[in-house]
Number of protein chains: 2
Amino acid sequence: MAGRRTRSEIVAAADELFYRMGFEPTSFADIAEKVNISRGNFYHHFKTKDEILNEVIQKRAADRRTMLDAWEQEESTPERRIARFIDILAINCDKIRLHGCPIGTLTGELAKLDHPAREEATALFTLFRNWLSRQFAQLVPHKEADRLAMELLARSQGAATLYNAFRDDDFLRREIAAMKAWLAGISAGRKSAHD
Amino acid sequence: MAGRRTRSEIVAAADELFYRMGFEPTSFADIAEKVNISRGNFYHHFKTKDEILNEVIQKRAADRRTMLDAWEQEESTPERRIARFIDILAINCDKIRLHGCPIGTLTGELAKLDHPAREEATALFTLFRNWLSRQFAQLVPHKEADRLAMELLARSQGAATLYNAFRDDDFLRREIAAMKAWLAGISAGRKSAHD
DNA sequence: GACGAATTAGGGCGATCGTCCTAATTTTCA
DNA sequence: TGAAAATTAGGACGATCGCCCTAATTCGTC
């Protein structure tokens, strides 16, 4: 049963390498070296690189799901939950600075490769989109919730992209503050008139 | 002197291939085939792949500079000029849908590769940043201009990333409309109070 | 302790990568 | 027009790619 652990170690290593270097530039040899196993052993667990990619995507989805569940348990209001999402940028800023958003950069790379797993990667976005939409639905009419979810998703992606490019800490701080102010404005207008 | 034309054809082909497939996945063979020249001839013009990349970045910078200059001539107000920037998303939506933003995806890839030319690619962003900043400076106090430029740049990047992922035309239209409304609000409050 | 299954190691497959070289051809211009 | 320079073609280099095979070792179970 030690094979199961090796397999998950491979996926974890591939997850990080795909994030840091990208899917295409990461080779079997890179992953095998990181896990400290031979390439032959490697092949016993995964026949193709795409198999690993699928597993990595599933792992990322599972990781995000447990994270979202935790936020749902730990925070009592939708506004605080959405704020946790915005905080990702601050918490992971060191990694984002160097490698961008793990989800945004993966979907972008797979789009360019015209890779079959592209839609599976997009599903990672959908995970956040639906979760945010459910939170916003508690603050605004249901019809607007998904639009706000997409708006916030887009804004965080833009912030990650430009932070990765310019690496300007002040900019990131401003964007986070602006998103939180935007969020406060939405939850403040919950029962009042529009805007 | 025909060598000059071949050289620029190589750069043009590389430009498009780097955009469509990414820098790393594009091979010498890909470019040579697209230009219909032998790989040997290819080597006569460019010794290394990085040389081509640098030339491609310079070409992209030149293309954008002429585009920005044209906007400056064709539009009489800063608001209309900034609107031209926002319109990029609509005009290039077919390409963005498939391959994302040429500048955003290149800087992202080079960041992952830890490539020496990363900062040169970031300079493409700076081109737009400074141009937008100059336009905003005619609408708001100079201290706020750069922040607004970064904000708009970020928002357009986020829109491009999510449009590339979800390929939702309604979303892109909404984002464009929202950016234009945001812009109208800024230029309307030019001489009035803040917000 | 033995035996079948699971796991590991290591090497080799053809293909392609970026790069480089040489020789043939074309162009330039005294 | 003839020699020098610029351009082109085509192939070969070692390295590495994803992928596959076989043999050895470890493990689980009776």
Side-chain angles (χ1 to χ4, degrees), chain A residues 1-58 106 109-110 112-118 120-121, chain B residues 1-58 106 109-110 112-118 120-121:
Chain A
M1 276 305 164
R4 281 284 164 207
R5 186 170 63 233
T6 303
R7 187 183 171 94
S8 69
E9 280 175 9
I10 291 174
V11 174
D15 186 7
E16 189 184 336
L17 287 174
F18 288 174
Y19 176 41
R20 283 175 26 193
M21 322 198 313
F23 168 69
E24 249 261 347
T26 300
S27 68
F28 277 34
D30 291 327
I31 305 172
E33 186 191 21
K34 191 174 168 67
V35 188
N36 247 333
I37 59 173
S38 69
R39 301 191 319 287
N41 183 9
F42 196 98
Y43 179 72
H44 174 261
H45 293 281
F46 294 97
K47 303 295 180 196
T48 70
K49 205 179 170 187
D50 289 354
E51 261 184 58
I52 307 175
L53 175 60
N54 283 321
E55 206 102 341
V56 165
I57 292 175
Q58 296 314 316
L106 180 63
E109 184 182 0
L110 297 186
K112 280 199 200 281
L113 296 175
D114 200 15
H115 195 284
R118 190 195 70 89
E120 282 301 310
Chain B
M1 274 300 168
R4 281 282 165 209
R5 187 171 61 233
T6 302
R7 186 185 172 93
S8 68
E9 280 175 10
I10 291 174
V11 174
D15 186 7
E16 189 184 334
L17 288 174
F18 289 175
Y19 175 41
R20 282 176 26 194
M21 322 197 315
F23 168 68
E24 249 261 348
T26 300
S27 69
F28 277 35
D30 291 326
I31 304 172
E33 186 191 20
K34 191 174 168 67
V35 187
N36 248 333
I37 59 171
S38 69
R39 302 191 316 286
N41 184 9
F42 197 99
Y43 180 73
H44 174 260
H45 293 280
F46 294 98
K47 303 295 180 198
T48 69
K49 205 177 169 186
D50 289 354
E51 258 184 59
I52 307 174
L53 175 61
N54 283 322
E55 206 101 342
V56 165
I57 292 175
Q58 296 315 315
L106 180 63
E109 184 182 0
L110 296 185
K112 281 201 198 282
L113 296 175
D114 201 16
H115 195 282
R118 190 194 71 87
E120 282 302 311

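Each chain gets a letter, A, B and so on, in the order its sequence line appears, and its residues count up from 1.
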Length of the line joining [X]:[atom1] and [N]:[atom2], which is rounded to integer Å:
{"X": "A/D30", "N": "D/dG18", "atom1": "CG", "atom2": "C1'", "answer": "12 Å"}
{"X": "B/I37", "N": "D/dG11", "atom1": "CD1", "atom2": "P", "answer": "16 Å"}
{"X": "A/F42", "N": "D/dG18", "atom1": "CZ", "atom2": "C1'", "answer": "10 Å"}
{"X": "B/R4", "N": "D/dA6", "atom1": "CZ", "atom2": "P", "answer": "11 Å"}
{"X": "A/I31", "N": "D/dC17", "atom1": "CD1", "atom2": "P", "answer": "11 Å"}
{"X": "A/F28", "N": "C/dG14", "atom1": "CZ", "atom2": "C1'", "answer": "16 Å"}
{"X": "A/K47", "N": "D/dC21", "atom1": "NZ", "atom2": "C1'", "answer": "10 Å"}
{"X": "A/N36", "N": "C/dG10", "atom1": "CG", "atom2": "C1'", "answer": "15 Å"}

Inspect the surroundings of CD in A/E51 and state if more than 12 heavy atoms from other residues, nucleotides or ligands are less than 6.0 Å away.
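Counting neighbours around CD of A/E51, more than 12 heavy atoms of other residues, nucleotides or ligands fall under 6.0 Å, so yes.
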Taking the side chain of [X] as its heavy atoms from C-beta onward, which of [options] lies nearest to it?
{"X": "A/H44", "options": "C/dG18, D/dT8, C/dT8", "result": "C/dT8"}
{"X": "B/T48", "options": "D/dC19, C/dT19, D/dC17", "result": "C/dT19"}
{"X": "B/N41", "options": "C/dG18, C/dC21, D/dT8", "result": "D/dT8"}
{"X": "A/S27", "options": "D/dC17, C/dC20, D/dT8", "result": "D/dC17"}
{"X": "B/S38", "options": "C/dT19, D/dT8, D/dC21", "result": "D/dT8"}

With a 4.0 Å limit, can you tell me whether [X] has a side-chain N or O closer than that to the phosphate oxygens OP1/OP2 of [N]?
{"X": "B/Y43", "N": "C/dC20", "result": "yes"}
{"X": "A/H45", "N": "C/dT8", "result": "yes"}
{"X": "A/T6", "N": "C/dT8", "result": "yes"}

Is any side-chain N or O of A/R39 under 3.5 Å from a base N or O of C/dG12, one able to act as donor and the other as acceptor?
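Per atom types, the contact qualifies.
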Mind checking whether A/F23 and A/I52 have side chains closer than 4.5 Å, heavy atoms only?
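SC-SC contact between A/F23 and A/I52 ruled out.
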Rounded distance [0.5 Å steps], CG in A/D50 versus CD1 in A/I57
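Between A/D50 CG and A/I57 CD1, I get 9.5 Å after rounding to 0.5 Å.
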Working to the nearest 0.5 angstrom, can you tell me the gap between A/I31 CD1 and A/F18 CZ?
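Spacing of CD1 (A/I31) from CZ (A/F18) equals 4.5 Å.
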Could you go through the side-chain contact (heavy atoms from CB on, under 4.5 Å) check for B/V56 and B/Y19 one step at a time?
CA-CA 10 Å; B/V56 165; B/Y19 175 41; over 6 Å; no
